[in-house]
Protein chains: 2
Amino acid sequence: MADVNFDTAVTRSIEPAAERGPAPLRWDIIELLFFAYRDFVGDADQVLDQFGFGRAHHRVVHFVHRYPGLKVADLLDVLRITKQSLGRVLKQLLDEGYIVQKSGEMDRRQRLLFATAKGEALVAQMAGLQTARIERALRDFAPGETAAISRFLSGMIDHDDPDKVLQVILGTANGTSET
Amino acid sequence: MADVNFDTAVTRSIEPAAERGPAPLRWDIIELLFFAYRDFVGDADQVLDQFGFGRAHHRVVHFVHRYPGLKVADLLDVLRITKQSLGRVLKQLLDEGYIVQKSGEMDRRQRLLFATAKGEALVAQMAGLQTARIERALRDFAPGETAAISRFLSGMIDHDDPDKVLQVILGTANGTSET
DNA sequence: AAGATATGTCAATATGGCTGACGTAAATTT
DNA sequence: AAATTTACGTCAGCCATATTGACATATCTT
């Protein structure tokens with residue numbers, strides 16, 4: 001199985017040496033992020049398959065659970081999809097009783113979204129698997145190091161985003177988890 | 001715009017808090033990962049749009065560039081898709097000259113894949129944007145902290161994966177399960 | 001010669017994005 | 001009060017990317 005020249009790959013083979021300082025690319029972090037995220041969402045996929053849902057359902061019910069009373073428009077900002085795309089998924093979650101909606105009291109055009117106990121249970125099941133992965137990965141770090149990890153992830157995010165949910169997260173992200 | 005009770009959301013509303021402890025969930029890391037990865041791939045999306053490609057093309061040409069001589073079967077393992085899905089994307093990249101293939105010398109059934117200069121340029125352009133984001137996020141960390149960040153990302157990955165590319169990335173390390 | 005393997009391909013289907021257009025109720029502005 | 005804007009829903013169709021199953025071909029292994 002020595003077919004692929006992984007050694008060449010690791011030491012970097014073809015680099016445009018035209019300029020003097022090609023500004024080294026962070027292949028290491030780029031690929032670690034790819035695989036970390038792949039396995040991270042893989043945890044949720046296992047659960048979703050059992051419920052006949054896809055990743056889109058996860059994202060919707062997750063944010064609705066976490067930010068009760070979220071408006072449809074807020075959700076569109078967070079997920080960065082169109083209302084048509086959201087509509088399909090949201091309708092299923094409403095029909096199957098994972099989410100309910102109430103009209104806004106101040107503005108009755110708004111449909112405020114809330115997760116039901118059923119929806120909460122689904123979210124918690126997936127978050128449980130992902131939390132296990134996270135705790136496993138964080139197990140041997142000093143408190144200062146785990147804080148650095150949080151700050152790094154926060155630093156990877158575009159902070160100039162007008163998204164309201166994101167503002168909340170970035171405002172409180174430096175604290176530790178609640179509960 | 002005080003419609004949504006973000007405050008309630010942050011302090012968490014519907015959680016069985018009275019009991020001994022349902023194992024606190026790491027909502028903080030879960031959501032930071034979501035947004036960090038969303039913006040991270042967003043960098044590549046900008047470039048891909050200009051080329052008329054999608055994320056699938058990025059993944060393929062990235063790994064082919066990074067691990068020259070990769071077999072089709074290896075690529076399927078890394079990307080975790082079927083060969084039918086890969087075939088469509090790979091064919092485009094071959095037709096448009098981003099990738100070339102050569103028959104394996106020891107096993108001529110194999111099609112070993114290599115990125116062309118054109119393919120390499122595309123990958124480098126996307127990696128450049130992502131590297132800028134990474135360097136920005138890592139700017140103010142001590143060396144020990146950046147090492148911790150890499151170890152964390154590595155720890156988030158399933159190490160018992162038979163995937164050959166992953167083994168190289170993880171340092172050709174053990175086959176130890178995730179204890 | 002027989003079987004397994006690596007790859008390619010055809011056909012059908014599902015999911016989850018997209019755009020554009022239109023409708024309705026409710027809030028806001030004039 | 002009327003006009004306009006906003007929040008949301010929906011219909012219709014298109015595209016990208018994923019799926020499964022079946023089958024073809026070349027090549028390596030036994």
Side-chain angles (χ1 to χ4, degrees), chain A residues 1-4 38 41-42 44-46 48-49 51-62 64 69-96 99-114 164, chain B residues 1-4 38 41-42 44-45 48-62 64 69-96 99-114 164:
Chain A
M1 290 304 189
D3 299 310
V4 187
R38 183 190 71 172
V41 299
D45 287 341
Q46 293 179 234
L48 291 165
D49 284 347
F51 286 79
F53 287 144
R55 290 179 184 176
H57 301 85
H58 182 195
R59 295 192 288 266
V60 170
V61 73
H62 170 93
V64 168
L70 209 58
K71 292 184 301 181
V72 169
D74 294 327
L75 209 38
L76 293 176
D77 287 342
V78 178
L79 303 182
R80 292 195 178 161
I81 56 176
T82 59
K83 63 179 171 179
Q84 293 84 346
S85 296
L86 174 61
R88 265 187 314 222
V89 172
L90 186 54
K91 190 171 190 309
Q92 282 181 268
L93 291 169
L94 287 165
D95 289 348
E96 301 185 30
I99 287 177
V100 291
Q101 53 184 203
K102 300 177 188 171
S103 294
E105 297 197 346
M106 304 199 289
D107 185 337
R108 298 211 318 274
R109 292 172 304 180
Q110 298 174 346
R111 308 300 162 85
L112 309 185
L113 303 170
F114 300 87
K164 286 194 283 183
Chain B
M1 305 305 173
D3 299 310
V4 186
R38 183 189 71 171
V41 298
D45 287 341
L48 291 165
D49 284 347
Q50 299 169 5
F51 286 80
F53 286 146
R55 290 179 183 174
H57 302 85
H58 182 194
R59 295 193 289 265
V60 170
V61 74
H62 170 93
V64 168
L70 209 57
K71 293 184 301 181
V72 169
D74 295 326
L75 210 37
L76 293 176
D77 287 341
V78 178
L79 303 182
R80 294 197 176 158
I81 55 176
T82 59
K83 64 179 170 179
Q84 291 82 351
S85 295
L86 174 61
R88 193 176 10 85
V89 171
L90 186 55
K91 189 172 191 308
Q92 281 180 268
L93 291 169
L94 287 165
D95 289 347
E96 302 185 29
I99 287 177
V100 291
Q101 52 185 203
K102 300 176 187 170
S103 294
E105 297 198 345
M106 303 201 289
D107 186 337
R108 298 214 316 277
R109 292 171 304 180
Q110 299 174 347
R111 307 298 161 88
L112 309 185
L113 302 170
F114 300 87
K164 285 195 281 181

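Predicted model only: the values in this text are computed from it and were never measured. As a basis for the values below, the full set of heavy atoms in this structure was taken, side chains included, without hydrogen atoms, waters or symmetry mates. Chain A is the first sequence line, chain B the second, and so forth, proteins listed ahead of strands; every chain is numbered from 1.
In plain terms, the two heavy atoms of L75(A) and V64(A) that are nearest each other are CD2-CG2, 3.9 Å. Closest of all the heavy-atom pairs between L86(A) and L79(A) is CD1-CD1, 4.3 Å. Across every non-hydrogen atom of K164(B) and D74(B), the tightest pair is CE-OD1, 2.9 Å. Counting all heavy atoms, side chain and backbone alike, V89(A) lies closest to A56(A) at CG2-CB, 3.8 Å. In plain terms, the two heavy atoms of H57(A) and L93(A) that are nearest each other are O-CD1, 3.9 Å.
Contacts of D95(B) classified as salt bridge (Lys or Arg N to Asp or Glu O under 4.0 Å), with partners at least two apart in sequence or in another chain: K91(B).
Protein atom CZ of R38(B) is 17 Å distant from nucleotide atom C1' of dG16(C), rounded to whole Å. Across the protein-nucleic acid pair, D74(B) atom CG and dA6(C) atom P stand 10 Å apart, rounded to whole Å. Counting to the nearest Å, the P atom of dC8(D) and the CD1 atom of I99(A) are 14 Å from each other. For the pair L113(B) CG and dA6(C) P, the computed distance is 15 Å after rounding to whole Å. In this entry the distance linking CZ of R88(B) with C1' of dA12(C) reads 14 Å, nearest Å. Per the geometry, CD1 belonging to I81(B) stands 12 Å off P belonging to dT20(D), to the nearest Å. Atom CG of L86(B) is separated from atom P of dA16(D) by 17 Å (rounded to the nearest Å). Computed from coordinates, the Q110(B) CD to dA26(D) C1' distance equals 13 Å when rounded to whole Å.
Using a 4.0 Å cut-off on heavy atoms, the residues of residues 49-56 of chain B that approach DNA chain D are G54(B), R55(B), A56(B), listed by number.
Closest approach to the T82(B) side chain among dG16(C), dT19(D), dT7(C) is made by dT19(D) (side chain taken as heavy atoms from C-beta onward). If you check dA21(C), dT17(D), dG9(D) against the side chain of Q84(A), the one that comes closest is dA21(C). When distances are taken from the side chain of V72(B) to each of dT7(C), dA18(D), dC8(D), the shortest belongs to dT7(C). Comparing dT7(C), dC8(D), dC18(C) by their nearest atom to the side chain of A73(A) picks out dC8(D).
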Mark up nucleotides 22-30 of chain C, 5' to 3', with B wherever a protein heavy atom is under 4.0 angstrom from a base atom, S wherever such an atom reaches only the sugar-phosphate, and - elsewhere.
-> ----BS---
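Distance check, rounded to the nearest 0.5 Å: CZ of R88(A) to CD1 of I81(A) gives 9.0 Å. Rounding to the nearest 0.5 Å gives a distance of 4.0 Å between CG of D45(A) and CZ of R55(A). Taking NZ of K71(A) as the start and CG of L113(A) as the end, the distance is 11.0 Å to the nearest 0.5 Å.
The aromatic rings of F53(B) and F51(B) lie parallel to each other, with less than 30° between the two planes, well short of the 60° mark.
Taking only side-chain nitrogens and oxygens, S85(A) comes nearer than 4.0 Å to OP1 or OP2 of dC18(C).
At the heavy-atom level, Q101(B) lies under 4.0 Å from the strands shown only through sugar-phosphate atoms.
Nearest-nucleotide assignment on DNA chain C puts the 5′-proximal partner with K91(B), out of K91(B) and R59(A).
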